[in-house]
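See below for the structure under consideration.
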Amino acid sequence: MNKNKNKNKNTVGNKKSYWGYVAGVCAILYAAPHLWWGLGIDFAFPGKYTSASNNFWSVAIGFWGMGLVAVLAALFCLSFVRPWGKKIPSLLLVIPGWVSAAGLTFWGLGYFYLRFFLGINRVTSTEAFIYYDTNVHSVIWGYVWYTIFLIWGLSLCFTVLNYQRNLKLNHMPKTYNNEKSAKML
């Protein structure tokens, strides 16, 4: 019997779990533009970059702060699939993981709901948002950014689910910890 059959720590049963990496990449895709917007580069800004405040605290919180939080979120996503994440108590990963997965998924879906309801004239834009709701550039970048939120949320959901399945397998009695049990989960 081969004791080193399942060397990869990122597996459940025989399936590798790449969802944590996908979630981490989405977090970096969110962080990078916020950091370059903080530097004054307007590429991929959803709307008029000149409409962004030049107030120090608005830039520090809105761009630099959100970029830093997203980098930390990428590390959080990777903690589910990297060996150094095993040092963190499982409840400190699972509970915020599920809350974050739900929030990001619904945040991503919210834009698509809004665009749908605007499209069928169920809702109308207020004067403050007419430019953002009718400008093709803003709408396209909105689809890009909110798709990232949706993928980030769903991949984090699958990451936490795989992590919990792995916890169940590791805490089963040895007589039940086999391939048949892994398939039942």
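Source: prediction; values computed, not measured.
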How many angstroms lie between [atom1] in [X] and [atom2] in [Y], if you round to the nearest 0.5 Å?
{"X": "Leu156", "Y": "Thr105", "atom1": "CG", "atom2": "OG1", "result": "8.0 Å"}
{"X": "Leu167", "Y": "Leu93", "atom1": "CG", "atom2": "CG", "result": "9.0 Å"}
{"X": "Ser90", "Y": "Ile95", "atom1": "OG", "atom2": "CD1", "result": "9.0 Å"}
{"X": "Ile28", "Y": "Leu78", "atom1": "CD1", "atom2": "CG", "result": "8.0 Å"}
{"X": "Leu68", "Y": "Phe63", "atom1": "CG", "atom2": "CZ", "result": "15.5 Å"}
{"X": "Leu29", "Y": "Thr147", "atom1": "CG", "atom2": "OG1", "result": "12.0 Å"}

ILVMFWY network linking [X] to [Y], side-chain heavy atoms under 4.5 angstrom:
{"X": "Leu150", "Y": "Leu118", "answer": "yes"}
{"X": "Trp84", "Y": "Val71", "answer": "no"}
{"X": "Val99", "Y": "Leu109", "answer": "no"}
{"X": "Leu91", "Y": "Leu161", "answer": "no"}
{"X": "Trp152", "Y": "Tyr113", "answer": "yes"}

Where does the angle between the aromatic ring planes of [X] and [Y] fall among parallel (under 30°), tilted (30 to 60°) and perpendicular (over 60°)?
{"X": "Phe112", "Y": "Tyr143", "answer": "tilted"}
{"X": "Phe80", "Y": "Phe76", "answer": "perpendicular"}
{"X": "Trp37", "Y": "Trp145", "answer": "perpendicular"}
{"X": "Tyr18", "Y": "Tyr21", "answer": "tilted"}

Smallest separation among heavy atoms of [X] and [Y], with atom names:
{"X": "Ala70", "Y": "Tyr30", "result": "CB-CD2, 3.5 Å"}
{"X": "Gly67", "Y": "Ala31", "result": "O-CB, 3.5 Å"}
{"X": "Cys77", "Y": "Gly20", "result": "CB-O, 3.7 Å"}
{"X": "Phe149", "Y": "Gly108", "result": "CB-CA, 3.8 Å"}
{"X": "Trp98", "Y": "Cys157", "result": "CZ3-SG, 3.4 Å"}
{"X": "Gly153", "Y": "Ala101", "result": "O-CB, 3.6 Å"}

CH2 (Trp57) with more than 12 external heavy atoms under 6.0 Å: no
Is there a side-chain contact between [X] and [Y], using heavy atoms and a 4.5 Å cut-off?
{"X": "Arg115", "Y": "Tyr146", "value": "no"}
{"X": "Met66", "Y": "Ile61", "value": "no"}
{"X": "Phe117", "Y": "Leu114", "value": "no"}

Trp19 vs Leu154, side chain to side chain contact (heavy atoms under 4.5 Å, CB included): CA-CA, chis, key distance, verdict: CA-CA 9 Å; Trp19 292 111; Leu154 291 174; over 6 Å; no
Run the side chain to side chain contact (heavy atoms under 4.5 Å, CB included) check on Val69 and Trp64 step by step: do they pass? CA-CA 9 Å; Val69 167; Trp64 293 102; over 6 Å; no
